[in-house]
Structure formats: C-alpha cells, structure tokens
Amino acid sequence: MGRILRRDFYDRDTETVSRELLGAILECDTKDGRAAGIIVETEAYIGEHDAACHAAVGRTRRTEPLYGPPGNAYVYFIYGMHWCINAVTRAEGLPSAVLIRALEPLTGVPLIRLRRPKARTDRDLANGPAKLCAALGIDDRMNGLPLQRHPVVIRAGDQVTDSNVVITPRIGISRAEDWPLRYFVRGNPFVSRTP
DNA sequence: TCGAAGATTGTCT
DNA sequence: GACAATCTTCGAG
C-alpha cells in the first residue's frame with residue numbers, strides 16, 4: 001500500500017489536487033472491516049465565487065469544514081438519503097474541495113457488496129459519489145476528520161499519465177455548468193458516466 | 001415555524 | 001429518458 005498523503009498535498013490549487021487524486025486510494029475502516037478503492041473520478045469546487053460550490057452561500061454550519069485546514073474530509077448529506085465525501089483543499093480565504101465521484105473497488109469487496117445490495121454488477125458498486133460512500137461506510141461521523149489517519153485516509157497509488165486524464169464540465173449541477181472541472185481516468189469502466 | 005431546493009440513485013416506461 | 005424517494009439546511013415570515 002502507498003503512503004498516506006500529507007496535508008501539504010492538499011494545500012495547492014484545487015484543480016491540481018483533483019488531477020493528482022486520480023489513481024490514489026481512498027480507504028475507510030469501520031467496525032465491520034476495511035474497504036478501499038482507487039479514485040477514478042473527481043470534481044473541483046472552487047470557493048465562494050463558484051456558484052455550484054456549497055460555499056457560494058457563505059460560511060454556514062454546513063459549509064464550515066470547507067473553511068477548515070486542507071486535508072480534512074467534508075461529508076455532506078443530500079437529497080434526503082445520500083452522503084458524499086470531499087477532500088478540502090487550499091483554504092486560505094478560498095473554501096474549496098474535491099468531490100470524489102467514483103472508485104474502482106480494491107479492498108474488502110465482499111463487505112462492499114453487502115453494503116450495496118442494489119448493485120447488479122461490480123461496476124455499480126462505487127461508480128457514483130453517494131454509491132462510494134455507501135460502499136465504504138462513510139457518513140457524517142467522518143465529517144471534518146483529517147484524511148491522514150483512520151477511519152478515513154487517502155493513500156498514494158499508481159500515477160495516472162496525462163494522456164489518460166480526461167477533463168470535462170461537471171455533472172449533476174445547475175449552476176456554472178460549463179466550467180471544465182471534472183477529471184476522470186480515460187476508458188476506466190468504473191467512472192460514473194461518460195459524456 | 002414554513003417552504004423550497006439540492007454536487008443522487010434506482011425503478012419504471 | 002422521466003420521475004419519485006426523502007430530509008437537512010437555510011432564509012424568509
């Protein structure tokens with residue numbers, strides 16, 4: 001297993017962190033065991049001037065983690081039933097984060113299958129931001145926690161070369177839809193959706 | 001206190 | 001491809 005990514009990894013441009021998180025490994029321990037996967041899709045959300053970023057409404061109880069130190073987790077609840085996890089990036093007056101949108105399951109696949117009974121194929125286990133949180137057992141208990149120690153950590157993985165990185169507009173949002181801030185691994189079957 | 005919207009998913013046509 | 005499920009958060013009244 002690769003080493004755990006330190007805080008200074010996250011203390012850079014959000015686009016750079018989004019790009020370099022591709023190929024890294026998201027790992028989560030719960031009482032049920034360990035589950036982990038390779039990050040194959042991310043999106044950048046950049047500060048209060050990004051209308052699609054939660055921080056666009058300013059500093060509130062919900063967005064508080066975005067204003068905290070880089071390298072922390074920002075876990076939020078959406079649509080009354082789903083959790084999504086972000087890695088907070090450079091936050092000097094610029095509350096921004098990287099949404100992790102899809103994983104290629106790597107460790108604890110039997111446990112992941114138990115947590116994702118609706119998944120018909122292995123591709124469906126974690127190919128979406130809420131799916132991967134369910135797969136790894138991530139919820140509000142992890143909100144605001146540092147990503148350098150368990151239960152949730154991100155490790156270095158195999159590098160993804162530039163020619164294998166695809167950049168497109170973000171999906172599933174209704175504001176600032178044209179900004180090219182979505183990153184995913186070319187041809188990887190575990191990416192949530194290809195345009 | 002009330003109402004509206006949301007970084008989604010799964011099911012049905 | 002369309003739509004329901006479901007509830008927290010936030011701002012207005």
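In the text below, chain A, chain B and the rest are named by the order of the sequence lines, each starting its count at 1.
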Got a salt bridge between [X] and [Y], using NZ or NE/NH1/NH2 to carboxylate O under 4.0 Å?
{"X": "A/D162", "Y": "A/R19", "result": "yes"}
{"X": "A/D50", "Y": "A/R175", "result": "no"}
{"X": "A/R59", "Y": "A/E64", "result": "yes"}

How many angstroms lie between [atom1] in [X] and [atom2] in [Y], if you round to the nearest 0.5 Å?
{"X": "A/R149", "Y": "A/I4", "atom1": "CZ", "atom2": "CD1", "value": "10.5 Å"}
{"X": "A/T30", "Y": "A/M142", "atom1": "OG1", "atom2": "CE", "value": "7.0 Å"}
{"X": "A/R155", "Y": "A/I39", "atom1": "CZ", "atom2": "CD1", "value": "12.5 Å"}

Original post:
Between A/D140 and A/W83, what is the shortest heavy-atom contact and its length?
Top reply: CB-CH2, 3.3 Å
Subject >> chain A contact limits on DNA chain B, taken 5' to 3' with a cut-off of 4.0 angstrom to heavy atoms >> reply: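 In short, chain A contacts DNA chain B from B/dG6 to B/dT11.
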**OP:** Describe, in one word, how the ring planes of A/Y74 and A/H54 are oriented to each other, choosing from parallel (under 30°), tilted (30 to 60°) and perpendicular (over 60°).
**Re:** perpendicular
**OP:** Specify whether A/Y79 and A/H82 have parallel, tilted or perpendicular ring planes, treating 30° as the upper limit for parallel and 60° as the lower limit for perpendicular.
**Re:** perpendicular
Original post:
Quick one: is C/dC10 close enough that its OP1 or OP2 comes under 4.0 Å of any side-chain N or O from A/T60?
Top reply: yes
Original post:
Think A/R61 has a side-chain N or O under 4.0 angstrom from the OP1 or OP2 of C/dT9?
Top reply: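 The answer is yes; a side-chain N or O of A/R61 sits under 4.0 Å from OP1 or OP2.
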Original post:
Listed in order of residue number, which residues of residues 115-146 of chain A have a non-hydrogen atom at under 4.0 Å from DNA chain B?
Top reply: A/R116, A/K118, A/G128, A/P129, A/A130, A/K131
For nucleotides 2-6 of chain C, give me every protein contact, N/O to N/O, under 3.5 Å, one pair per line with atom names.
from	atom 1	to	atom 2	distance (Å)
C/dT6	O3'	A/G80	O	3.4
C/dT6	O2	A/Y79	O	2.4

Original post:
Would a distance-only check, ignoring hydrogens and angles, find a side-chain to backbone donor-acceptor pair under 3.5 Å from A/R116 to A/L125?
Top reply: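 Pair found, side chain donor or acceptor close to backbone of A/L125.
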**OP:** With P as the reference atom in both, quote the distance from C/dA4 to B/dA4 in angstrom, rounded to an integer.
**Re:** 16 Å
**OP:** Can you tell me the pairing partner of C/dT6 across any strand shown, Watson-Crick or G-U wobble, with both distances under 3.5 angstrom?
**Re:**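 Its partner is none (no Watson-Crick or G-U wobble pair with both distances under 3.5 Å).
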Original post:
Do you reckon A/V166 sits in the same ILVMFWY cluster as A/V191, going by side-chain contacts under 4.5 Å, direct or chained?
Top reply: yes
**OP:** Quick one: label A/I173 by what it contacts on the DNA or RNA (base, sugar-phosphate, nothing), any heavy atom closer than 4.0 Å.
**Re:**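 If one applies the 4.0 Å heavy-atom cut-off, A/I173 turns out to touch the sugar-phosphate alone, with no base involved.
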**OP:** Would you mind classifying the nucleic acid contact of A/R170 as base, sugar-phosphate or nothing, using non-hydrogen atoms under 4.0 angstrom?
**Re:**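 Here A/R170 touches no strand at all.
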Subject >> Between C/dC10 (C1') and A/I78 (CD1): distance, integer Å >> reply: 13 Å
